[in-house]
A.B. asks: 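Can you keep this structure in mind? I'll have questions shortly.
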Amino acid sequence: MKRLYIGVFLKKINHMPCCKEHERTGVAVGIGVGILSYFNKWSQERQSNIQAPCRIGELFLYVLVGAVAGKMAAIVPDVLEPATSPHHRNICHSVTAGAAIVYGMYELGKTNVYPLAKAALMSAGASCLAHIGEDAGTEMGVPWLCR
C-alpha cells in the first residue's frame with residue numbers, strides 16, 4: 001500500500017525520530033496550545049466583561065498543563081505500536097488516525113467542557129498529530145490506513 005511521504009514539502013528527516021524527539025516536540029506543541037487555549041478563554045471572558053484581567057498565574061497553569069499533556073501524548077503512537085524497526089508504522093501512525101484526531105479535536109472544540117481540561121485534551125491531540133507529522137517526514141513515511 002502507498003505511504004504518505006511529505007519530505008517533498010518539509011525538510012526530510014534522515015533518521016527515525018526517537019522517543020525523546022517526539023517528547024520535545026510534544027512539549028513545544030503543548031505549550032503553544034496551552035497559550036492559545038488560555039487566550040481563547042480570556043477573550044470569551046472579555047466579551048462579557050471588557051475589563052477582565054489577564055491572569056499570569058492562570059496562563060502559567062495552562063502552559064504547564066499543555067506541556068505535560070503534550071509530552072505524554074506525543075509518544076502514544078509509539079506506545080501502541082512500539083518502534084522496533086522503521087517498518088513498525090501501522091494504523092496508529094496513519095493518515096486515517098491523524099484525521100480521526102482532527103475530527104475529535106473539532107468536536108471537542110464545540111463542547112462546553114471545563115476550559116483547562118479542554119486545553120489538556122487539545123494539547124494531547126495536537127502532540128499526537130505532530131508525532132505523525134514527524135514520522136511522515138521520514139523516508140518510510142506513514143500509511144494512509146495501514147500496511
Side-chain angles (χ1 to χ4, degrees), residues 4-7 9-86 88-144 146:
L4 175 65
Y5 172 65
I6 61 171
F9 307 108
L10 303 173
K11 182 180 176 187
K12 188 165 81 169
I13 301 169
N14 291 323
H15 65 285
M16 188 168 75
C18 69
C19 181
K20 293 293 181 197
E21 289 176 79
H22 288 310
E23 285 179 344
R24 280 192 295 268
T25 302
V27 168
V29 168
I31 287 171
V33 172
I35 290 169
L36 291 173
S37 296
Y38 174 75
F39 283 112
N40 180 47
K41 176 185 163 294
W42 183 56
S43 70
Q44 289 174 357
E45 287 175 359
R46 285 182 54 95
Q47 288 176 356
S48 61
N49 176 13
I50 195 68
Q51 296 179 359
C54 178
R55 295 176 212 84
I56 299 300
E58 192 174 1
L59 172 61
F60 178 74
L61 179 63
Y62 273 74
V63 167
L64 181 65
V65 166
V68 170
K71 181 177 181 172
M72 291 170 46
I75 60 169
V76 166
D78 283 340
V79 169
L80 297 174
E81 293 172 354
T84 54
S85 76
H88 74 281
R89 298 178 187 138
N90 208 348
I91 189 118
C92 294
H93 285 82
S94 68
V95 174
T96 306
I101 292 168
V102 168
Y103 179 73
M105 291 171 67
Y106 170 75
E107 289 296 322
L108 176 64
K110 297 190 302 186
T111 63
N112 232 359
V113 178
Y114 182 66
L116 192 59
K118 188 184 281 189
L121 292 170
M122 289 289 197
S123 295
S127 294
C128 281
L129 286 174
H131 179 124
I132 294 170
E134 280 182 323
D135 286 351
T138 64
E139 285 187 29
M140 290 304 300
V142 294
W144 286 98
C146 62

A.B. asks: Please enumerate all residues that pass side chain to side chain contact (heavy atoms under 4.5 Å, CB included) together with Ser94, with sequence neighbours excluded.
C.D. replies: Ile91, Thr96, Ala97, Pro143
A.B. asks: Mind listing the closest non-hydrogen atom pair of Thr111 and Lys118 along with its distance?
C.D. replies: O-NZ, 2.8 Å
A.B. asks: Give a yes or no on whether Met72 atom CE has more than 12 heavy-atom contacts from other residues, nucleotides or ligands under 6.0 Å away.
C.D. replies: no
A.B. asks: Which distance, rounded to the nearest 0.5 Å, do you find between the CD1 of Ile101 and the CG of Leu129?
C.D. replies: 5.0 Å
A.B. asks: Taking NZ, NE, NH1 and NH2 as the nitrogens, is one of them in Glu107 or Lys110 under 4.0 Å from a carboxylate oxygen of the other?
C.D. replies: yes
A.B. asks: Work out which heavy atom in His93 is nearest to a heavy atom in Val142; give both atom names and the distance.
C.D. replies: O-CB, 2.9 Å
A.B. asks: Please report the interatomic distance OH(Tyr38) to CZ(Arg55), rounded to the nearest 0.5 Å.
C.D. replies: 5.5 Å
A.B. asks: Within the structure provided, determine whether Ile75 and His131 are in side-chain contact (heavy-atom separation under 4.5 Å).
C.D. replies: no
A.B. asks: Glu21 and Arg24: salt bridge (charged side-chain N to carboxylate O under 4.0 Å, His left out), yes or no, with the steps?
C.D. replies: CA-CA 5 Å; Glu21 289 176 79; Arg24 280 192 295 268; 5.1 Å; no
A.B. asks: For residues Gly30 and Ser127, report the shortest heavy-atom separation together with the two atoms involved.
C.D. replies: N-OG, 4.2 Å
A.B. asks: If every non-hydrogen atom of Ala73 is compared with every non-hydrogen atom of Cys128, which pair is closest and at what distance?
C.D. replies: O-SG, 3.2 Å
A.B. asks: Looking at every heavy atom in both Ala126 and Val29, which two are closest together, and how far apart are they?
C.D. replies: CB-CG1, 3.5 Å
A.B. asks: Kindly state each residue pair satisfying side-chain hydrogen bond (donor to acceptor under 3.5 Å, both in side chains) with at least one member in residues 25-35, sequence neighbours excluded.
C.D. replies: Thr25-Glu134
A.B. asks: Can you see which heavy atom on Cys92 is nearest to which on Pro77, and at what distance?
C.D. replies: O-CB, 3.8 Å
